[in-house]
Amino acid sequence: MNESTRRQQMMDYLYGELEADERRDFEQWLADNPEARAELDAMQETRMALSALPDVKPAPAVFAVESPAPRSLNLKRWKRAAIAAAFLGALWLFNFRVEIQKGSVILAFGKAPEAVQAVQPPAVTDNEQWRAAYAALQTEWERKWKSVDSLLETQSATWKKQQNVQLAGWKQLQEKELETARREFREKEVPRVAYMVQHMQLEQQEELRVMLEQFWSNWQNTRQTDLKNIGAHFSDLYQDVETRQKATEAMFVSLMGGSGVGK
Amino acid sequence: MDEIDSQLVEQAQSGDKRALNRLFTLWYPRVYNLAFRYFADPDQAAEICQQTFLSIHKRLAQLRDPGSFKGWLFRTAINYCHEEGRTISRRARHQENLNNQPANGLAQSPHEQVLRSERARIIMAALQKIPADQREVILMKEYEDLKFREIAEILDVSVNTVKSRLYYGLNALRKLLTDCQLLNELYHE
């Protein structure tokens, strides 16, 4: 095996990309080449060191490329509408008008001459007339303010209604997305989890069976060893008793013989 | 995973923004980690991600085979890494920053936590010291679990070249880590 082929195969072996027969051949080759085996072990250690570098979690704020938020949350649109309404209200409040006089277009503020004449108080000559003129102007301003208030209230109610409708639509969309996610989970994840649980149960059953078999085998061995030991003890005891009995008999015979000699 | 990617790519190509966001959400952390380990710098990683996903977003309609999305994405990211990597001085500055990181003290972000961890810090520093072509192969093989064939397609080189780079890269890393006595520690744990 040349150097280049050895490197290629070593990398394939290290990352489990060899076919079964290639793997067997390479392992046989490794068994005859302790230097290569040592190099491979060293690389495995380096890989183990690399695995100590954890993943980092990026900031979630940069995840979304385009926000799928519904239009109801588009504040710019509302801001533009409010500014436009305020501008129109201000124009109306200050009597903005466009007049065409002698072929010219004139943009003007304030009351038109005719209107001024219509609401212009009579020429003031004394205090009573000043008061009347002031009251007339005040009434006119109050009427205009009420109109503006009423316009704003109507506009505000319309906006609120539109916003509620859009919020309801957004909520509905969210619920629909949630339901889709739930359904996807039920369809994809639940069977997988069930399979894993079933697999775990079968593994546990197998482990239990092996454990019980080992326990039974151990218990039987222990029992047989105990019986053998008890048998051996009994045998020793019997021999001991027999020996002692013989010794006692011998002593007795000796004693009896001794007394006979004495007579 | 590839099947889900293909479906999401097809949906995104037909204008489904939700599918596009989901696709990006799935792949953003992978690209981020690749770039983070490539440069050892969170800002650089975020920049690479931004460029990569912006490019992917613009050119998604041109992807003819949705099944090749993963390779396409990594090829784009690695190309941006190459571009950024040419700024050698920036790399040197990061290296200096990395070496000056204190070993103790409170971490304020996940990146700092990683860099603060002594072991991770040494590995990151070692990764920065090996040649870029070896580093990128190690990153794609070790952390992204890509096949040799896939890496070869991404880098537009032969499979044998990929294996050679990995071989030399692992050996170079081993020498660097042995100098730091990291391998001994790991071995005796």
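Being a predicted model, the structure only gives us computed values, none of them experimental. Order of the sequence lines sets the chain letters (A, B, ...), proteins ahead of strands, with each chain counted from 1.
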### Message
Go through it in stages, so that I can follow the logic: the residues are A:L53 and B:R121, the test is side-chain contact (heavy atoms from CB on, under 4.5 Å), and I'd like the CA-CA distance, side-chain angles, deciding distance and then a yes or no.
### Response
CA-CA 8 Å; A:L53 192 64; B:R121 195 175 72 86; over 6 Å; no
### Task
Output, in order, the C-alpha distance, side-chain angles, deciding distance and verdict of side-chain contact (heavy atoms from CB on, under 4.5 Å) for A:E45 and B:R174.
CA-CA 8 Å; A:E45 282 176 25; B:R174 176 171 177 76; 3.4 Å; yes
### Task
Go through the steps to decide whether B:Y168 and A:R7 satisfy the test side-chain contact (heavy atoms from CB on, under 4.5 Å), and finish with yes or no.
CA-CA 9 Å; B:Y168 288 116; A:R7 276 203 303 264; 2.9 Å; yes
### Message
B:F148 vs A:Q8, test: side-chain contact (heavy atoms from CB on, under 4.5 Å). Steps then yes/no.
### Response
CA-CA 11 Å; B:F148 288 121; A:Q8 314 297 335; over 6 Å; no
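Taking a 6.0 Å sphere around CD of B:Q50, one finds it holds 12 or fewer heavy atoms contributed by other residues, nucleotides or ligands. Other residues, nucleotides and ligands contribute only 12 or fewer heavy atoms inside 6.0 Å of the CD atom of A:E35. Other residues, nucleotides and ligands contribute at most 12 non-hydrogen atoms within 6.0 Å of the CD atom of A:Q172. The environment of A:R186 atom CZ is dense: over 12 non-hydrogen atoms of other residues, nucleotides or ligands sit within 6.0 angstrom. In the displayed structure, A:E19 atom CD is contacted under 6.0 Å by at most 12 heavy atoms of other residues, nucleotides or ligands. Within 6.0 Å of CG on A:D226 lie more than 12 heavy atoms contributed by other residues, nucleotides or ligands.
Considering every non-hydrogen atom in both B:L177 and A:A49, the closest pair reads CD1-CB, 3.8 Å. Smallest separation of non-hydrogen atoms from A:T46 and B:L170: CG2-O, 3.7 Å. The two residues B:K163 and A:M11 come nearest to each other via the heavy atoms O-CG, 3.5 Å. The shortest non-hydrogen separation linking A:P54 to B:R37 is O-NH2, 3.1 Å.
Under the 4.0 Å criterion applied to side-chain N and carboxylate O atoms, A:E17 and B:K141 are assigned as salt-bridge partners. Salt-bridge check for B:R22 with A:E177: failed, with every basic side-chain N at 4.0 Å or more from each acidic carboxylate O.
For the set B:V162, B:D145, B:N171, B:N160, the count of heavy-atom pairs under 4.5 angstrom toward chain A peaks at B:N160.
Counting heavy atoms from C-beta on, the side chains of B:Y32 and A:K57 never come closer than 4.5 Å.
Using a 4.5 Å cut-off between heavy atoms, A:E184 touches chain B through its side chain atoms alone.
Atom CG of residue B:L146 and atom OH of residue A:Y15 lie 12.0 Å apart, to the nearest 0.5 angstrom.
Panel note: side chain B:Y143, backbone A:L50; a donor-acceptor pair is recorded below 3.5 Å. Remark: side-chain polar atoms of A:D55 are not paired, donor with acceptor, to backbone N or O of B:N33 under 3.5 angstrom.
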